[in-house]
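I have placed the structure first, in the form of structure tokens, so that the comments after it can refer back to it.
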Amino acid sequence: MNGKNNIAIGFITMGVFMLYGFLLIYLRDFAPNATEWANSYSIGKHFEARLAHVHGNLFAFLNIVIGFLLLHFKGSLQYSKTISWMALFGLLMPLGILAEIYLGLPPIFVLIGALTMTVSVFIIGMSFLKLNKKIW
């Protein structure tokens, strides 16, 4: 489990948020209310949608990198299973933003995802500091 699922889910998530980017382009340039949408660039749903798009791709990329590192340093890093799961739960952040926009859900998933991704990055960083093996 350590790493492989992070890479696979990271690429799938990146693809989903890239497609979401096409929806945002449509809303900005081609939708019937494109002018209104473009004018609300820094407020409301438009701003939140851009946050979801950017963080979705960033967190997907982080999962790919973390997954690669976990596979490459299999058995050498402490807490690799925890790092893997925390990074995957981090994807709740951009998904939580979308859930707020389209389903009206509270921001709890955004907070959980942001916290778990941040913790996974800190844990993997600390694990590399403690690593007594030549990296490459």
Side-chain angles (χ1 to χ4, degrees):
M1 159 58 197
N2 296 347
K4 178 181 153 282
N5 286 348
N6 295 82
I7 294 172
I9 293 169
F11 274 116
I12 291 166
T13 303
M14 187 177 283
V16 167
F17 278 98
M18 290 169 81
L19 287 174
Y20 186 63
F22 286 110
L23 173 64
L24 295 178
I25 291 169
Y26 167 78
L27 291 172
R28 184 193 69 198
D29 295 328
F30 304 108
N33 62 345
T35 304
E36 284 178 42
W37 181 259
N39 289 338
S40 68
Y41 183 78
S42 62
I43 58 170
K45 288 185 177 186
H46 188 160
F47 179 71
E48 296 292 325
R50 288 182 17 251
L51 280 179
H53 172 66
V54 169
H55 284 86
N57 282 301
L58 170 64
F59 282 24
F61 183 72
L62 283 172
N63 265 284
I64 294 165
V65 171
I66 288 170
F68 174 80
L69 292 171
L70 291 175
L71 284 176
H72 187 74
F73 293 97
K74 189 181 249 177
S76 299
L77 292 177
Q78 292 181 339
Y79 311 112
S80 60
K81 196 170 200 169
T82 301
I83 294 165
S84 175
W85 277 107
M86 298 283 270
L88 288 170
F89 277 116
L91 294 171
L92 286 174
M93 191 247 197
L95 295 174
I97 296 171
L98 293 178
E100 278 185 82
I101 295 170
Y102 297 111
L103 304 175
L105 294 180
I108 187 69
F109 298 110
V110 177
L111 298 172
I112 292 169
L115 181 64
T116 55
M117 182 59 82
T118 302
V119 169
S120 73
V121 169
F122 272 113
I123 294 173
I124 199 167
M126 295 305 292
S127 295
F128 271 104
L129 276 177
K130 294 177 182 178
L131 188 65
N132 292 324
K133 175 183 173 181
K134 187 173 180 171
I135 291 182
W136 304 109

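Each residue takes its place number in the sequence, starting with 1.
- Under 3.5 Å, the side chains of Ser84 and Asn2 contain no donor-acceptor pair of N or O atoms.
- Between Ile97 and Glu48 the shortest heavy-atom distance is CG2-O, 3.2 Å.
- The two residues Gly90 and Thr116 have their closest heavy-atom pair at N-OG1, 3.2 Å.
- The 12-atom threshold is exceeded at OH of Tyr102, counting heavy atoms of other residues, nucleotides or ligands nearer than 6.0 Å.
- In terms of modelled atom types and a separation under 3.5 Å, the side chain of Ser120 and the main chain of Met117 share a donor-acceptor contact.
- Between the CG atom of Leu70 and the NE2 atom of His72 there is a distance of 11.5 Å, given to the nearest 0.5 Å.
- Grouping the Ile, Leu, Val, Met, Phe, Trp and Tyr side chains by contacts below 4.5 angstrom, directly or via other members, places Phe68 apart from Ile12.
- Side-chain atoms of Ser127 come within 3.5 Å of backbone N or O of Gln78 as a donor-acceptor pair.
- In terms of heavy atoms, Ala52 sits closest to Leu98 at CB-CD2, 3.6 Å.
- Within a 6.0 Å sphere centred on CZ of Phe17, other residues, nucleotides and ligands contribute more than 12 heavy atoms.
- Summarising the geometry, atom CG belonging to Asn6 is positioned 7.0 Å from atom CD1 belonging to Ile66; distances are rounded to the nearest 0.5 Å.
- Note that OG1 of Thr118 is 11.0 Å distant from CD1 of Ile123, once rounded to the nearest 0.5 Å.
- Here the closest heavy-atom approach between residue Ile83 and residue Ile124 is recorded as CD1-CA, 3.7 Å.
- You'll find the side chain of Met93 reaches within 4.5 Å of the side chain of Phe59, heavy atoms only.
- More than 12 heavy atoms of other residues, nucleotides or ligands sit less than 6.0 Å from atom OH of Tyr20.
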